[in-house]
There are 2 protein chains.
Amino acid sequence: MSLKKLAEHLGLSQTTVSRALNGYSDVSKETRERVSIAAKELGYRPNESARRLATGRSNIIGVAFPTDENKLVDPHFTEFLSGLAERAAEHDYDVLLSATKGDDWKGLKRVVSSRTVDLVVLPSVDVSGEQISLVKSLDIPFVVHGRVKDRNDYAFLDIDNYQVFYQPTKMLIDLGHKNIAILNGPRNRNYTNERLRGWQDALAEIGIEAPAGYDAHARMTEAEGFAMAMELLSRPDRPTALVCSSTLLASGAYRACSQLQLVVGRDVSITAHDDELPFLSAMSFDPPLAVTRSSIRAAGREVASIVNRYLLGESWQSLQTIWQAELVYRASVAPLKAS
Amino acid sequence: MSLKKLAEHLGLSQTTVSRALNGYSDVSKETRERVSIAAKELGYRPNESARRLATGRSNIIGVAFPTDENKLVDPHFTEFLSGLAERAAEHDYDVLLSATKGDDWKGLKRVVSSRTVDLVVLPSVDVSGEQISLVKSLDIPFVVHGRVKDRNDYAFLDIDNYQVFYQPTKMLIDLGHKNIAILNGPRNRNYTNERLRGWQDALAEIGIEAPAGYDAHARMTEAEGFAMAMELLSRPDRPTALVCSSTLLASGAYRACSQLQLVVGRDVSITAHDDELPFLSAMSFDPPLAVTRSSIRAAGREVASIVNRYLLGESWQSLQTIWQAELVYRASVAPLKAS
DNA sequence: CTTATCTTCCAAAGCGCTTTGGAAACTTGG
DNA sequence: CCAAGTTTCCAAAGCGCTTTGGAAGATAAG
C-alpha cells in the first residue's frame, strides 16, 4: 500500500493525502477524516526510507554501544537503555545501536555519515572526553548521559555525584563513625571522581584524612564488591562503615561481612548508591540497605525526552540537567557503638 | 558529497560510479580504482535512506526489546545483544531496538510495516509461541534465539537445554548423590521446561522421583537464587546437591550456603549453567563452580550470522542450529560423603 | 574486411515520499 | 456584481541512490 495507490483509491492527489495524514492545515476537515479512515482500513504505512529521503531526517537516534567487557556491559546499561527506548518510542523515535568495540568507532562514524541517525546518545563517557570530541567532530547533535569535568558545551543529564557520596558520609559522621571507607567505581569515570571528592570533603570537614587504601576502586560487580570489602574489613584499622557506588558492590560487601562473621547494621554500617536495578532491590537486602537513590531507568527516559526537545530546536544550553539523589535511611546503618 | 557530484568531479556517469563502488563487473579496473580513490578523498558516503529506498532493503535488523522488568531485562540479554550487534556490524547491518512493553507490540509492528527493518530477531520467546505467531503474521523474516516446543517452522539458534540439566544431574548421581534439587528459571520459558525434563529423566533412570518442591523456579537473579537455596537447604530432607540454571542463581546459592554454615563442595555440591556473564566468572567462585558452559555472547554473534545467511537467501530449514553445552568439572562438586 | 562478441560506459526511469508554487472554487466586503 | 481574500486542492519537481536497456568502441572470428 503506497501513498500513490491510496490517493488513487480516494480520488485525491498524493499531495492532499500526504498533507492530510501529516496534519497540515490546508485540507478540509471532511477530507482529512476520509483519508485517515481509508488509511487505517487499507493498513497504509508510509515507507520510512522514502520519508527519510524526502525530509532528510531519519527519526532514529543512535546509541554508542560499547560491546567490550571492559566498559559498560552491565545491568546499569541495560536499565538505562530500556528507559531510553521506551520513551523514544513514545516520541516516535527508534533506537539504533551502534556497536563500538574499544576504540573502534567505525560503526558510529558510519551511521552518522550515512545520515542513518539524527542524533547520537553517549551513554557513558570517560574522563578524557575523547568520545565527546569525536562526536563533535562528526558534526552531529548529541546528548550525553553523565558529564566530563571542565567541559560542558553540550546537552547532558547527570546526577549530582558529589552529593551521592557527600551525603551518606556526612550522615555516617553524624552517627559517630570516623573510619569510613568507600567502594567506588572505575577510576576513569567522572562520577567516580566526583563521589571521591564528596567523601573526601565530608571527612575533611571534621579534620579527618582517610588512611591510604580506604578508597577502593573497581568495576561495579558483586564479585569486585566482595573482594574490595574483604580486603578493607581485614585491615587492622578496619573501617566501621562502607559507602558503595552501586548496590551490586554492596551486595558483595554483604557477602564479605557474612563470611567474616560481621553483622551489617551492627558491626559494619553500609550505604550504597542505588540505580534501582530491578533484580536487586535495596529494600530487600537483609538488613535493608540505606541508599542514595536515583533511577537509572528514569534517567534513560529523561535522556530520550531531552533528545526530543533538542531535535525540536531547543539549545543545548537549556538542556543541561542535573538530578539530585535522595538519601534513604535504612537499617544497614547504625550509630557507632562505643567499643 | 553526493553520488552526482562525485560523478561530475570524475567526469563519469552516476551509473558507473555507483557500479564501481558496489563491485559490479562491468567497469574497468582502472576506473574502479580511480573512483574508489576519489570517493575516499572526498569522504563520500552513500546516503543510506536513498539506497534503502532504491533497493527496498534497509540493512537494519530489528530486535524485539522487552522493556518491562518481568521479562528479560538482565545481564543475559545484554550479553546476547552485544554479541549480536558486534557481528551484525561486521556484516554491515545495524541493529535497531524495538521497545516492546508487555503485550504492546506496537513498536515492532511499526518498524516492520514501515519497512524500517529487513528482519526481526526474537531474543526471547515464551512457551506460548505467541511472539512467533505475531511476527509470522507480519510477513517478515525472523530468527529466534531459543525455541518453542512442538513448533519449529523457523530459523533458530538454541542450545540443547535437555542436556544442560541431564548431564550434571547424571554426574552428580555418579558421584553418589541422590537428593538433587534444581534452581530453575521462569516456568514460561521453553528452556526451563527442557532442563526440568533433563533433570527428571536423569533421576528416573535410577528410579528416583524427586520430592515435591525440589524443583524451584524463579527469575534468574542472585536474590532469587539466595531465596530458593535458603528454602531448599532448610528442609528436613535437605538436598546434597543443587543444579542451577544460571551462575547468578548459583551465586545466590553460595551466599545461602555461607549463611547456613554449609561448605560448598563438601556439604553441598553445586553446578550451574554458565552463560559466561563477564562479571561473574564461574572459575573465580570459591570454590570454583562446575558448569555446563555455553557463551550467550557467542550465541548473539551466531544469530547475527544466521540472519546474514537468511537474508542472503538460505532457507530457514537449513538455519536451525542447536549447540551442545560442555560440562566442566570443578571443585564445587564432590562425591557424596557417607553420613 | 565484415560480422559477431566482449568490454566498458551511460541516459533515463524509477523507489515512495514531501514540498513548492500555483490554480480553482468559494467567501467576503464594498 | 466585482475585486480581494480564503480555503482547498493538485501537478510536478525533487531527495540520492540503483538498475534497466542499450550504445560505442575494442577485440576476436571467419
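So you know, we letter chains A, B, ... as the sequences are listed, proteins then strands, and number each from 1.
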Between B:T15 and B:S18, do the side chains contain a donor N or O and an acceptor N or O under 3.5 Å apart? no
To the nearest 0.5 Å, tell me how far B:L3 CG sits from B:Y44 OH. 3.5 Å
B:F65 ring center within less than 6.0 Å of B:F77 ring center: yes
Residues of residues 46-56 of chain B with any non-hydrogen atom less than 4.0 angstrom from an atom of DNA chain D: list those, numerically ordered, please. B:P46, B:N47, B:A50, B:R51, B:A54, B:T55
Hey, which sits more toward the 5' end of DNA chain C by its nearest nucleotide, A:M1 or A:D26? A:M1
salt_bridge(B:E86, B:R301) N-O dist < 4.0 Å: yes
Extract, from 5' to 3' on DNA chain D, the first and final nucleotides lying under 4.0 angstrom from some heavy atom of chain A. D:dT8 to D:dG16
Check for me whether the distance between the ring centres of B:H145 and B:F156 falls short of 6.0 Å. no
Considering only NZ, NE, NH1 and NH2 on the basic side and carboxylate oxygens on the acidic side, decide whether B:E8 and B:K5 come within less than 4.0 Å. no
Using a 4.5 Å cut-off on heavy atoms from C-beta on, say whether the side chain of A:D92 contacts that of B:R110. yes
Does the side chain of B:S124 come under 3.5 Å of the side chain of B:R189 through a donor N or O and an acceptor N or O? yes
Can a salt bridge be assigned to the pair A:R297 and A:D275 using a cut-off of 4.0 Å between side-chain N and carboxylate O? no
Under a 4.0 Å heavy-atom cutoff, the residues of residues 13-24 of chain A touching DNA chain D are A:S13, A:T15, A:T16
If you measure only the distance, is there a donor-acceptor pair under 3.5 Å linking the side chains of B:S25 and B:R19? no
